2 protein chains.
Amino acid sequence: MRVTLADIAKACETSLSTVSRALSDPDKVNPQTRERIQRVAREMGYMTNPIARALAVGRTGVIGLIVPDIANPFFPPIIKAVQARAGRKDTAVLLADTDEHAADELERARVLSKQVDGLIMVSPRTPEDRLAEFVQLAPVVFVNRQVEGAPSIIIDNSDGITQAVQHLVALGHRRICYLNGPRRSWSNDRRRAALKEACAKYSVELIELGPFEPQVQAGVHAADLVQASGATAVIAYDDQIALGLMARLAEHRLQVGRDISVIGIDDSPMSDVAYPTLTSIHVPGAEAGAVAVDILLAQLDADDADPAPVVQLETRLVIRGSTGPAPTQRLVTTESIGPLLGGEIPSRATRRTD
Amino acid sequence: MRVTLADIAKACETSLSTVSRALSDPDKVNPQTRERIQRVAREMGYMTNPIARALAVGRTGVIGLIVPDIANPFFPPIIKAVQARAGRKDTAVLLADTDEHAADELERARVLSKQVDGLIMVSPRTPEDRLAEFVQLAPVVFVNRQVEGAPSIIIDNSDGITQAVQHLVALGHRRICYLNGPRRSWSNDRRRAALKEACAKYSVELIELGPFEPQVQAGVHAADLVQASGATAVIAYDDQIALGLMARLAEHRLQVGRDISVIGIDDSPMSDVAYPTLTSIHVPGAEAGAVAVDILLAQLDADDADPAPVVQLETRLVIRGSTGPAPTQRLVTTESIGPLLGGEIPSRATRRTD
DNA sequence: CTGAAAGCGCTTACAG
DNA sequence: CTGAAAGCGCTTACAG
């Protein structure tokens with residue numbers, strides 16, 4: 001079986017306590033015995049049992065990480081960053097994916113909370129009024145959502161979004177469309193607010209569509225609505241939606257970056273791969289993950305009652321191939337979706353805009 | 001503080017043992033006391049401490065999952081499937097990402113093995129001769145790699161690959177190129193072998209390039225080599241490479257699906273999104289993950305020495321937009337990369353193939 | 001610096 | 001069916 005402290009104690013003809021100290025608190029034991037114990041432990045292949053240790057000290061060395069959807073490319077970089085940072089501090093990561101089911105978040109957190117020292121909640125979808133319950137469960141830090149009285153790493157979208165609008169305005173766009181994210185998404189509210197402000201400032205007409213799920217398929221769906229909207233540029237809630245949108249526009253033989261401009265949000269790895277490459281607002285997910293670990297771990301060591309830090313990370317626009325000058329005149333076919341928009345657009349017709 | 005069994009025992013004026021039984025082995029206690037204990041436990045908000053339980057019973061209710069790279073879209077569906085299946089059996093998942101560093105796999109497994117009941121190793125890159133060491137550590141099942149004497153869920157590429165070659169042959173392709181995956185990848189060996197066989201069978205000329213890392217950037221890099229090869233169709237080690245390849249070919253104004261055909265492997269979510277959509281060999285990753293959990297959990301309950309199951313999953317071709325008829329004549333510019341291929345191709349020239 | 005002992009919160013033979 | 005007790009493997013005051 002596995003070798004235990006008792007085995008080593010026997011082999012070294014000393015007490016279990018001394019062995020324990022030699023291994024986990026070396027300064028407290030005589031250098032000679034310490035050396036001997038450590039050598040024997042190594043020879044016997046001893047590895048401390050983290051479960052027993054956890055029970056004794058009340059710390060597991062594990063943190064829980066809850067994300068809405070691993071398959072959404074926005075999250076893997078965050079997960080990787082969390083793991084990397086935690087690993088460097090001898091902390092393992094228990095991961096849970098809620099499949100975008102807001103209602104499951106609390107339950108998952110509740111279960112996980114018993115086996116971890118603390119929780120990192122990434123982009124939680126739980127409604128505002130129940131967020132406090134997480135805080136009761138365990139030390140928790142929120143990423144991508146600001147929670148009253150709890151440490152939060154939030155992303156300030158305004159810089160990136162302002163840059164995006166400026167970029168489009170400089171290219172001559174005057175009518176842009178925003179594809180909303182999920183209805184109760186905190187990020188979406190923030191992005192929308194920033195966008196409204198920027199558009200007002202630059203006198204750009206803003207058309208809103210959605211809400212859409214942060215999935216490629218939603219972008220495909222959005223494409224036809226976008227074409228009907230008469231906008232010359234689109235900003236999507238995230239890259240996933242933007243990608244689906246681009247794919248569908250391409251199917252319709254629209255050349256993105258020339259006939260219509262598209263901007264995503266997240267700057268996920270795929271934005272470099274799409275064709276054309278996707279102009280996107282860089283969201284520092286990895287950084288947020290790493291900072292979250294630092295704050296959580298610091299919090300575990302600290303005396304509770306120091307103020308909950310709120311870290312705000314900046315965004316910035318990364319310009320790629322999907323944005324270009326506004327077309328001076330543009331063909332919009334409204335065949336199938338004209339009716340959706342009411343009387344504004346002559347249906348079953350082709351019209352020019354601008 | 002947290003409520004313990006002792007608290008409930010006191011509240012119910014019964015013994016701790018009875019409380020324990022009422023909660024975890026209800027049949028062993030008198031219905032009336034059982035009810036009362038369960039009610040009180042609920043009222044007091046009791047949740048069993050999994051750490052203490054683990055120490056007592058020698059089972060943690062956690063399994064470890066080690067993957068090479070969460071950011072590679074092939075893995076998230078597997079991870080999700082593992083979590084879903086494990087969750088249904090009250091098992092949590094401790095995730096580790098090795099960043100494609102084969103050398104880290106054993107160390108990660110070693111550390112994790114102490115805090116989990118068993119391990120699932122997905123696509124391990126560890127060399128053959130060290131694989132046995134995993135088995136010493138803990139109950140382990142391998143996914144996407146066959147390991148002597150250990151339960152393995154493997155993917156049989158031959159069906160999908162044969163279908164791919166048939167498909168290309170039917171479209172008139174006679175010279176196809178394979179972009180190899182990582183040098184010591186077990187999957188790559190298998191895919192290559194299947195491909196050679198299929199090509200031989202259909203008298204198709206097979207050109208091999210690579211090895212390439214399973215990343216988009218590698219595909220971008222491969223594109224120029226592919227163009228120089230004179231192949232009219234390409235099968236890439238995975239979708240990532242295929243996607244990078246397509247993006248770069250598009251930059252070169254080649255129309256994929258018409259000027260050249262591309263087939264990926266994995267059928268990852270992105271293959272539906274790319275433009276053109278990517279013909280790809282479907283690899284049942286999610287299914288493999290779910291089966292791995294079943295086998296691992298079954299193994300934990302079983303008496304060790306029953307034979308290690310090897311489950312073989314099938315692949316199949318999913319045809320999308322990136323494959324089409326072989327061009328009857330095709331322009332290949334070999335300017336920059338001709339020299340790489342030796343004298344076969346006139347360098348700094350344009351030539352016709354077929 | 002070292003050892004004996006209590007304790008972390010649970011489970012589970014063993015008696016009764 | 002129920003209770004007292006031992007034990008899981010470690011840590012850590014407490015004495016010495």
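No hydrogens, no waters, no symmetry mates; every other heavy atom, side chains included, goes into these values. Below, chains carry the letters A, B, ... as their sequence lines are ordered, and counting in each starts from 1. No experiment lies behind these values; they were computed from the predicted model shown.
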With sequence neighbours left out, what residues match [X] under side chain to side chain donor-acceptor pair (under 3.5 Å)?
X: Lys10(B); value: none
X: Ser152(B); value: none
X: Gln312(A); value: Asp156(A)
X: Arg108(B); value: none

List for me each residue that meets side-chain contact (heavy atoms from CB on, under 4.5 Å) alongside [X], sequence neighbours excluded, and say none if there are none.
X: Asp25(A); answer: Lys28(A)
X: Val116(A); answer: Val62(A), Leu94(A), Leu119(A)
X: Ala132(A); answer: none
X: Ala56(A); answer: none

In whole angstrom, what separates [X]'s [atom1] from [N]'s [atom2]?
X: Arg2(A); N: dC10(D); atom1: CZ; atom2: C1'; result: 12 Å
X: Ile51(B); N: dG9(D); atom1: CD1; atom2: P; result: 15 Å
X: Met47(A); N: dG9(D); atom1: CE; atom2: P; result: 16 Å
X: Leu55(A); N: dG9(C); atom1: CG; atom2: P; result: 7 Å
X: Asn49(B); N: dC10(D); atom1: CG; atom2: P; result: 17 Å
X: Lys114(A); N: dC8(C); atom1: NZ; atom2: C1'; result: 16 Å

When you compare [N] with [M], how far apart are their [atom1] atoms, in angstrom units rounded to a whole number?
N: dT12(D); M: dG16(D); atom1: C1'; answer: 16 Å
N: dC1(C); M: dA5(C); atom1: P; answer: 23 Å
N: dA15(C); M: dT11(C); atom1: P; answer: 22 Å

Contact pattern, 5' to 3', of nucleotides 11-16 of chain C - B, S or - by protein heavy atom under 4.0 Å | BBB---

Once you round to the nearest 0.5 Å, how far does CZ of Arg145(B) lie from CZ of Arg190(B)?
->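 One finds 11.0 Å between CZ of Arg145(B) and CZ of Arg190(B).
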
Positions of residues 29-37 of chain A (non-hydrogen atom under 4.0 Å from DNA chain C), listed by number =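 Within this stretch, Val29(A), Asn30(A), Thr33(A) sit under 4.0 Å of the strand.
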
Just the dot-bracket of DNA chain C, please: which string comes out with Watson-Crick or G-U pairs under 3.5 Å, [ ] for crossing, | for another strand?
-> |||.||||||||.|||

Between Ser17(B) and Ser20(B): side-chain donor-acceptor atoms closer than 3.5 Å |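 Checked: Ser17(B)/Ser20(B) side chains show no N/O donor-acceptor pair below 3.5 Å.
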
If you look only at pairs with a residue in residues 43-72 of chain B, which of them pass as a salt bridge (charged side-chain N to carboxylate O under 4.0 Å, His left out), with sequence neighbours excluded?
->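 Pairs touching residues 43-72 of chain B that pass the test: Lys80(A)-Asp69(B), Arg39(B)-Glu43(B), Arg59(B)-Asp301(B).
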
